[in-house]
Amino acid sequence: MKRKEREEERLCRSRSKIGPIAVDLKTARVTRLPARSTHQEALPQRKKEADGNETSPSSKFDSLPFDLKMAIVSRMGAKSLMKFRCVSKIWSSIIRSRGFIDSFFSMSSKQSRFIVALANGVCNEPEAKLTFFFSFGESCSSSSLVPNLEMAIPVGLSSIRESFASLHGFLTVGVHGGLMVCNPSTEQVIKLHSSTRFVGYDPIEGQHKALFVESRVSRSSVHHHLDHKVLTLGGGSCQEWRLIEGTPGPYRPISVGVCVNGVIYYGARNSPHFRNPVMVCFDVRTEKLSFIQAHETLLRWGKDSIFIDYNGKLASIVRYPYDRFNSFDLWILEDPVKHEWSKQHCVFPSSVWDSVWGFEMSFPGTNKDGEIIMAPTSLSPEVGPFYIFYYNVKTQNVRRVRLLGIGDNKEFRRSYGFLKQRDCFVRIAPQHVHSIASL
């Protein structure tokens, strides 16, 4: 208990609540960040009343009825709540309670956003690398969206396009040297073991877990066996990696993963010469692994294969990943028990590419209306508008939305090395919800 109190006091004194990661945070140069588009509420300041006596705002607040106080606090923004935790130990304990965290997340889920990560991929100096996280409100009618800068971390992004996702308020970020998990609302960051491959969320128990997969050579077998370990995240306490027993036979992971309804899916090949295409299924709650038979075409592109959560089902988008394309196949896992898949051919106009620099497009997932998001994976070297696209599978219509402040802010791009560079990575995590849960 005393350790937790000391930790909280440390967080209250520190403006940046970034957790332990394998870089020196003092080298982060974030003094010229652009102004936020939405104001942040400051904590009330002491003021003199008409009689000349100074009154503490906290004492005034404490005198209010408890139900009224809860109503006020529950309507604060996530970052304001992080400051409000420092008012008193009582309010800190309330805000940190499981019930309050769940209630806040439920209210925040009504206004989900998507997160855009922006990083310079060609910076040779590790201390100069920065990744910025912007949030945008999801809209079905607007043709342009205004950004809000959430946070920046002093590391670069991985070149793997699909290694960025939002899981119940936490972001999993593929960076140089492994995976990181961060919460933009609390500005906490942790770096996971280099062999950590995936992160998932169990909606039943309300837990985030990381999956460690590492190859080891067995003297009694010619095959490389895999060790699987699990780490439970959250709560601000240190956890230990747990070894999973009774895992299935040898296999080789070959793709990135996606978490759908409490199950992490990733592509692999197994038995006996690692040629059979399968989807590995890791149940986050039970911590059990199993296989689902997959079609060869789903894993044709290896690490460039795409898997998304499509209306609560595992889906794969198959396209040619190394040049411009005007169509893709949407494969949906209809029945995980019977290993049944459906397939739909999707076509979009070639004019979409008129607004895209480069030859690559990512598919980070869908919005709340089930439209598939298509987004360029990098910025143009020159200042100009940046667009993402929403594809409606039923109507095969595409709509274009401009993200302001990403490609068209010349001052920002010049200050942080995003101007006249050919490898400015862009990653998108849809349907993000603010959470005040601790890592």
Answer with yes or no after comparing the ring centroid distance for H228 and F212 against a 6.0 Å cut-off, counting only values under it.
no

Modelled atom types, side-chain donor and acceptor of S355 and R400, under 3.5 Å
yes

Centroid separation under 6.0 Å, is that true for the rings of F328 and Y320?
no

Please report the shortest heavy-atom distance between P364 and I308, naming the atom on each side.
C-CG2, 4.4 Å

Would Y322 and W301 count as a close aromatic pair, with their ring centres under 6.0 Å?
yes

When you measure from the side chain of D369 to the backbone of E371, do you find a donor-acceptor pair of N or O atoms at a distance under 3.5 Å?
no

Whether the side chain of K209 engages the backbone of L231 through a donor-acceptor N/O pair (distance < 3.5 Å, no angle test) should be reported.
no

Close aromatic pair by centroid cut-off 6.0 Å: Y387 and W357:
no

Could you tell me if R113 sits above the aromatic ring of F136, with its cationic atom closer than 6.0 Å to the ring centre and no more than 45 degrees from the axis?
no

Indicate yes or no: at least one non-hydrogen side-chain atom of W331 is less than 4.5 angstrom from one of V318.
yes

If only atom types and distance count, is the side chain of R324 paired as donor or acceptor with the main-chain N or O of G358 below 3.5 Å?
yes

State whether a side-chain donor-acceptor pair under 3.5 Å links N148 with E150.
yes

Sub-6.0 Å ring centroid separation between F307 and Y265
no

What is the ring orientation for H432 with H434, classed by angle as parallel under 30°, tilted 30 to 60°, or perpendicular over 60°?
perpendicular

State whether a side-chain donor-acceptor pair under 3.5 Å links D309 with Q431.
no

Ring center gap for Y266 and F198 short of 6.0 angstrom
yes

E382 versus S380, side-chain donor and acceptor atoms under 3.5 Å
no

Kindly say whether the aromatic ring centers of Y201 and F170 come within a distance under 6.0 Å.
no

Keeping S80 on the side-chain end and M76 on the backbone end, is there a donor-acceptor pair under 3.5 Å?
no

Ignoring hydrogens and angles, state whether a donor on the side chain of N276 or N270 is under 3.5 Å from an acceptor on the partner side chain.
yes

Does R275 come within less than 4.0 Å of E296, counting only side-chain N to carboxylate O?
no

Would R413 pass as a cation-pi partner of Y416, given that its NZ or CZ must be under 6.0 Å from the six-membered ring centre and within 45 degrees of the axis?
no

Will you find, in the side chains of E334 and S342, an N or O donor that is under 3.5 Å from an N or O acceptor?
yes

Should F114 and N367 count as side-chain neighbours, where that means a heavy-atom distance under 4.5 Å?
no

